[in-house]
Amino acid sequence: MSTSRRVRLCAGGLVAFVILAPLAWFSAAGAATHPIYQTGRFNAGTPNSSVVIRKHGVITSYGDSAITYNAPSSALAALGRALYLQNCATCHGVDANGVPPAGTTGAYPNLVGLGPATIDFWIESGRMPSSDPRSVQAMRRQPRLTHDQALAIAAWVNSLSPSYPYIPTVNVKDANVANGAALFALNCAACHTIEGDGDALARSTFAPSLRNIPATQVAEAIRTGPGNMPRFTGNLSDFQVADIVKYVTTEIQHPRNPGGFGLGGLGPVAEGFVGLLIGVGGLALIGFWVGERQ
Amino acid sequence: MSDALVTKRSRKQAKGRYGVIGKAVDELDERLGVAKGGRGFLDKIFPDHWSFMLGEIALYSFVILLATGVFLSFYYIPSSAIVTYHGSYLPLDGQSMTASFASTVNLSFAVRAGLLMRQMHHWAADIFIGSMVVHMARVFFTGAFRKPRELNWTVGVTLLTLAIVNGFLGYSLPDDLVSGTGIRIAYSIILSVPVVGTYLAFFIFGGNFPGTAVIPRFFILHVLIVPGIMLALVVAHMVLMVRQKHTQFPGEGKTESNVVGSPLFPVFLAKTTGFMLIVTGVTALLGAFAQINPIWQFGPYDAARISYAVQPDWYMGFLDGALRIFPSWSFHSFGHTIPFEVTIPAVIFPGLVFGLAYAWPAIERRVTKDNAMHNLLDRPSSRPKRTAAGAAVLAAMSMLFIASSTDVIANFFHVSLNTVLWSMRVLVLISPFVAYPIAYKIASEMNATRGAGRRKTVNVVTRTEEGEYVATPAPAYADDVAHDLAPTPVPDFIEVTPPEQPPSDGVRTIDR
């Protein structure tokens with residue numbers, strides 16, 4: 001009896017070890033505190049990637065053959081501060097900590113530690129400076145600041161507390177568009193729709209259309225998760241992000257419509273209108289023409 | 001007559017009056033006796049009114065569906081076996097997918113005219129069901145379903161139901177991301193049937209969703225069983241129409257006991273053949289120039305993937321709309337769940353709608369106690385209550401149809417999705433109660449106004465010696481006078497018997 005119990009105890013211990021050992025590895029990965037030193041599967045888009053370039057001990061660039069992340073030049077920080085105070089401080093506060101100056105109300109996002117890619121995305125997509133800070137969701141529009149001005153503001157905000165991700169440059173040439181299509185269907189289509197048109201979500205929020213978004217902003221949005229969008233870090237490698245960016249900038253933005261007019265990508269809604277109005281309506285009119293009318 | 005006198009004329013005379021064809025028909029008649037029935041059939045009278053051509057659109061769309069469908073079945077593989085795609089469409093290269101999806105993409109890109117045929121098939125399906133609905137509305141609003149044609153109305157409603165079912169089955173066959181979601185919803189709807197739902201769903205799908213049985217099963221239902229039944233019913237529909245003869249609008253020379261119009265041969269045959277070619281032409285133009293269901297952009301179905309903004313084809317729209325706007329009520333007790341949020345809008349509601357359609361002739365007969373034979377149609381305005389009831393049902397169904405695109409509306413007009421949802425809930429409920437009185441009022445006003453719905457004549461304004469202006473109506477247009485209808489001063493549902501009038505020139509009349 002005692003022998004079999006010992007055997008069972010040993011077997012149980014073995015099973016417990018096999019199950020728990022990977023968990024220990026996971027918790028070790030999650031235990032790292034500062035993002036710069038964090039390595040593991042939760043921090044794709046940060047310098048844990050292959051190639052890191054330093055200048056005076058500061059990381060200025062990192063990445064791999066799929067995406068290179070570049071920091072905005074720190075020389076722009078002084079200009080960035082001036083632009084920031086002019087365009088952003090009314091809501092986000094003079095210290096970029098989301099506390100507006102006395103006399104204004106409301107809670108606005110704290111920008112410190114968000115990383116240059118976030119700042120660049122919001123400014124270059126025209127969402128910031130916001131036309132209506134009280135709206136539920138900022139709209140994409142013609143950007144008010146130029147590319148260089150956006151970089152300058154990003155440089156200054158980053159100088160307050162250096163953080164990641166930097167601004168990505170995507171190498172779409174070597175990306176695999178078929179892989180991107182599969183990843184898009186799995187990760188993006190649930191909100192942006194499979195044709196990338198975007199659609200209304202709950203309340204007044206919406207997933208924007210992807211039809212006219214530059215490659216850099218697609219990558220920035222995936223890595224930083226603006227608004228309601230989830231932030232995709234660990235589950236998508238730089239290569240996978242490049243694949244998605246390639247699919248979005250080619251097939252989504254220039255869809256192949258060998259079957260004729262694409263009908264606005266609205267799917268069965270537009271098809272139903274065409275079928276009923278032009279198909280049935282047109283044929284009924286022809287019947288009206290052929291037949292007697294009294 | 002000697003052989004020397006064989007001339008062109010004598011040869012022609014020897015062939016008989018109707019030439020080779022006449023001789024062939026003669027031969028046939030001597031063996032089968034087709035002349036007796038054939039003569040009557042060729043003389044069948046078809047009324048010339050344009051609204052009688054709506055059903056023909058449906059008939060010819062059905063023919064197009066059969067023809068293009070046969071073509072598609074040469075290349076489509078009804079199998080859920082997983083294959084890796086290596087075709088001409090690069091964004092799918094190397095992806096795993098079912099053989100049904102791969103074969104549909106191949107048929108679109110690699111088969112000559114494959115995409116045209118596929119798009120024509122899909123457009124023809126949309127037009128088929130659309131024209132059936134319009135035809136049904138014509139039959140309803142003119143009272144053509146009344147005694148003795150209740151049976152044909154029943155056949156028609158069955159055809160519509162089967163067409164919607166078969167449309168859904170065909171839409172599901174490519175197994176793309178969008179249609180796969182549709183099958184998922186259909187599975188959930190079947191599951192929601194109280195008590196037997198689980199058994200029914202497992203019986204139809206051969207196990208849990210998605211499984212590998214559903215595509216081959218849907219295929220054989222779509223290409224053989226349902227179209228087979230439909231073909232039989234279409235034939236029954238035609239035979240009943242010939243047997244019972246056409247209805248007609250009341251008018252000059254038209255009575256309950258005759259049919260005024262063109263004979264089948266040659267007038268109607270020429271007209272309808274031309275119309276068939278036009279229907280085919282419009283479908284081919286749509287198939288060539290308007291892209292429908294670009295499955296290559298959707299990608300293959302995979303239970304882990306989902307796309308937002310997915311709608312079914314338009315004829316399933318009312319069902320999708322009902323599902324979208326119904327509040328989330330469900331019953332959990334005694335170890336069972338009955339999801340009323342699915343059962344009521346997707347099982348009970350369509351059952352009630354189609355049940356109402358089946359029962360309408362009986363309901364109307366019971367309400368009006370009108371058991372007479374009706375071969376003359378009603379003007380919709382002369383039956384305000386029926387017209388209003390039809391308008392109310394159409395209004396509610398249209399609102400449900402619009403409710404199936406709540407997300408598209410919210411996105412397009414930049415309003416909150418929840419606002420659209422609640423608006424549609426309110427609109428669906430109140431629309432019949434708004435449509436009924438409006439339609440009733442319009443119909444009864446038109447009925448009470450002499451000459452309503454006809455062209456107004458101009459007023460001739462003259463200035464008198466004293467400077468006074470006098471307006472005198474000009475005489476009616478000649479067209480309108482010639483076709484002026486017999487007055488219908490009858491109250492609801494009393495048989496109209498206008499006086500017998502001789503038919504005008506060029507109109508053939510036969511007795512029933």
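The sequence lines fix the lettering, A, B, ..., with proteins before strands; numbering per chain opens at 1. This structure is a prediction, so every number in the text was calculated from the model and none was measured.
With a 6.0 Å radius and a threshold of 12 heavy atoms from other residues, nucleotides or ligands, A:R140 has its CZ atom above the threshold.
Annotation: the span from A:L283 atom CG to B:I127 atom CD1 amounts to 5.5 Å, rounded to 0.5 Å. B:Y308 contributes atom OH, which lies 5.0 Å from atom CG of A:D199 (distance to the nearest 0.5 angstrom). Between the CG atom in B:L285 and the CD1 atom in A:I278 there is a gap of 10.5 Å [rounded to 0.5 Å]. Remark: A:S204 OG to B:N418 CG distance equals 8.0 Å, nearest 0.5 Å.
Judged purely by distance below 3.5 Å, without hydrogens or angles, the side chains of A:N257 and B:Q297 pair a donor atom with an acceptor atom.
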| task | Report the C-alpha distance between B:L417 and A:R203 in whole Å, list the side-chain angles of each, state the deciding distance to 0.1 Å, and finish with yes or no for side-chain contact (heavy atoms from CB on, under 4.5 Å). | result | CA-CA 5 Å; B:L417 185 63; A:R203 304 287 166 202; over 6 Å; no

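In this structure, the side chains of A:P258 and B:F109 come closer than 4.5 Å at one or more pairs of heavy atoms. You'll find the side chain of A:M139 reaches within 4.5 Å of the side chain of B:H414, heavy atoms only. Residues B:S51 and A:F288 have side chains not in contact (no heavy-atom distance under 4.5 Å, counting atoms from C-beta outward). Residues B:S307 and A:E195 form no side-chain contact, since every pair of their non-hydrogen atoms from C-beta on lies 4.5 Å or further apart. Between B:D313 and A:E271, the closest side-chain pair of non-hydrogen atoms falls below 4.5 Å.
Per-residue counts of heavy-atom pairs under 4.5 Å with chain A were compared for B:F275, B:Y315, B:Y171; the largest is that of B:F275. Between chain A and the residues B:V282, B:V415, B:D126, the most heavy-atom pairs under 4.5 angstrom are made by B:V282. Of the listed residues (A:G259, A:G260, A:G291), the greatest number of heavy-atom pairs within a distance under 4.5 Å of chain B belongs to A:G259. By number of non-hydrogen pairs under 4.5 angstrom with chain B, the leading residue of A:A185, A:A202, A:A181, A:G281 is A:A185. By number of non-hydrogen pairs under 4.5 angstrom with chain A, the leading residue of B:L92, B:T283, B:V279, B:V134 is B:V279. When each of A:V177, A:I194, A:N176 is checked for heavy-atom pairs under 4.5 Å with chain B, A:I194 comes out on top. Put simply, of A:G272, A:C191, A:C188, the one with the most heavy-atom pairs under 4.5 Å next to chain B is A:C191.
With a 4.5 angstrom heavy-atom cutoff, B:I57 touches chain A only via side-chain atoms. Contacts of A:L276 with chain B are made by side-chain atoms alone, with heavy-atom separations under 4.5 Å and no backbone atom involved. In this structure, chain A has no heavy atom under 4.5 Å from any part of B:P300. When heavy atoms are compared at a cutoff of 4.5 Å, B:A304 approaches chain A by way of both its backbone and its side chain. For B:L54, the part sitting under 4.5 Å from any heavy atom of chain A is the side chain, from C-beta outward, and nothing else. Proximity to chain B (any heavy atom under 4.5 Å) is shown, for A:L201, by both the backbone and the side chain. In this structure, the portion of A:F206 lying under 4.5 Å from any heavy atom of chain B is its side chain and not its backbone.
Heavy-atom minimum distance, A:Y247 versus B:P91: CE1-CB, 4.1 Å. Taking all atoms of both residues into account, the shortest heavy-atom contact from A:V269 to B:S405 is CG2-CB, 3.7 Å. What you find for B:R305 and A:A182 is that their closest heavy atoms are NH2-CB, 3.4 Å.
For B:I306, the side-chain contact (heavy atoms from CB on, under 4.5 Å) criterion is met by A:A190, B:T181, not counting sequence neighbours. Shown here are the salt bridge (Lys or Arg N to Asp or Glu O under 4.0 Å) partners of A:E251, two or more places apart in sequence or in another chain: A:R256.
Judged by distance alone, with hydrogens and angles left aside, the side-chain atoms of A:E292 form no donor-acceptor pair with the main-chain N or O of B:H49 at under 3.5 Å.
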